[in-house]
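Side-chain atoms are counted along with the backbone in the values below, which use heavy atoms only and exclude waters and symmetry mates.
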Amino acid sequence: MSLQSDLACSLITDHTLNNKQLDSIILIDKGQIYTESTAILHIINKLTGPIRFFVLFWIIPKKIRDKVYRFIAKNRYRFFGKKESCLVPNKEIQNRFIKMETESGKTDE
């Protein structure tokens, strides 16, 4: 979700996140806040399949993992390319997103 959304603003306020944390991926899971490489590893840990191999990176000290995370984040377009347009998710993928109610009571998708 976008950091500018109402829900994100509420979560930022509720969890008193600082500016450094807002310049990274943020995972809030069961009231705990995870950022940078730790957030990525927690997400990978919830996935299935061969990608789970990457949880072995837990053995690398956080300071080093975060440096690698920031390097990849800074150079992501050079490594992975940049799309001219965003993916329009199909119904199956849309169901994975948080739906927020608007003031009229309708869901904003």
Side-chain angles (χ1 to χ4, degrees):
M1 103 181 58
S2 167
L3 287 174
Q4 292 79 24
S5 71
D6 290 340
L7 179 57
C9 289
S10 173
L11 289 170
I12 289 166
T13 302
D14 292 349
H15 294 281
T16 58
L17 297 169
N18 64 43
N19 286 339
K20 182 181 180 291
Q21 291 172 308
L22 297 179
D23 194 28
S24 171
I25 183 171
I26 300 169
L27 171 67
I28 302 173
D29 186 27
K30 298 176 186 163
Q32 289 290 111
I33 300 168
Y34 306 101
T35 61
E36 298 183 315
S37 66
T38 305
I40 297 294
L41 290 172
H42 275 277
I43 292 166
I44 288 172
N45 196 41
K46 294 177 181 293
L47 300 175
T48 59
I51 195 152
R52 294 265 329 231
F53 164 81
F54 289 102
V55 296
L56 295 175
F57 286 114
W58 279 115
I59 63 173
I60 298 171
K62 179 178 176 6
K63 204 174 216 179
I64 295 170
R65 286 193 331 254
D66 285 347
K67 275 189 175 191
V68 171
Y69 168 85
R70 286 189 292 273
F71 175 78
I72 293 171
K74 184 178 178 181
N75 294 286
R76 67 188 180 274
Y77 295 132
R78 189 167 36 153
F79 296 149
F80 307 111
K82 186 174 181 177
K83 304 283 185 194
E84 290 298 319
S85 61
C86 295
L87 168 72
V88 177
N90 62 29
K91 287 290 182 190
E92 181 182 334
I93 294 173
Q94 285 179 9
N95 290 333
R96 297 179 186 180
F97 287 86
I98 296 173
K99 294 184 174 119
M100 300 180 304
E101 281 191 21
T102 60
E103 290 179 20
S104 65
K106 296 180 182 179
T107 56
D108 185 20
E109 296 186 64

Student: Tell me every residue that passes side chain to side chain contact (heavy atoms under 4.5 Å, CB included) with Lys67, counting only those two or more places apart in sequence or in another chain.
Tutor: Arg70

Student: Test of understanding: with side chain to side chain contact (heavy atoms under 4.5 Å, CB included), list the residues that count as partners of Ile93, not counting sequence neighbours.
Tutor: Pro89, Asn90, Phe97

Student: Which side-chain N or O atoms in residues 42-52 pair as donor and acceptor under 3.5 Å with protein atoms at least two apart or in another chain?
Tutor:
from, atom 1, to, atom 2, distance (Å)
Asn45, OD1, Arg52, NH2, 3.2
Lys46, NZ, Asp29, OD2, 3.1
Arg52, NH1, Asn45, O, 3.3

Student: Taking only residues two or more places apart in sequence or in another chain, which ones pass side chain to side chain contact (heavy atoms under 4.5 Å, CB included) with Leu41?
Tutor: Phe57, Trp58, Arg65

Student: CG/Asp66 to OG1/Thr38 distance, rounded to the nearest 0.5 angstrom?
Tutor: 5.5 Å

Student: Without swapping roles, check the side chain of Tyr69 against the backbone of Ile25 for a donor-acceptor pair under 3.5 Å.
Tutor: yes

Student: Holding to ring pair (Phe, Tyr, Trp, His ring centres under 6.0 Å), I want the full list of residues that pass it with Phe79, two or more places apart in sequence or in another chain.
Tutor: Phe71

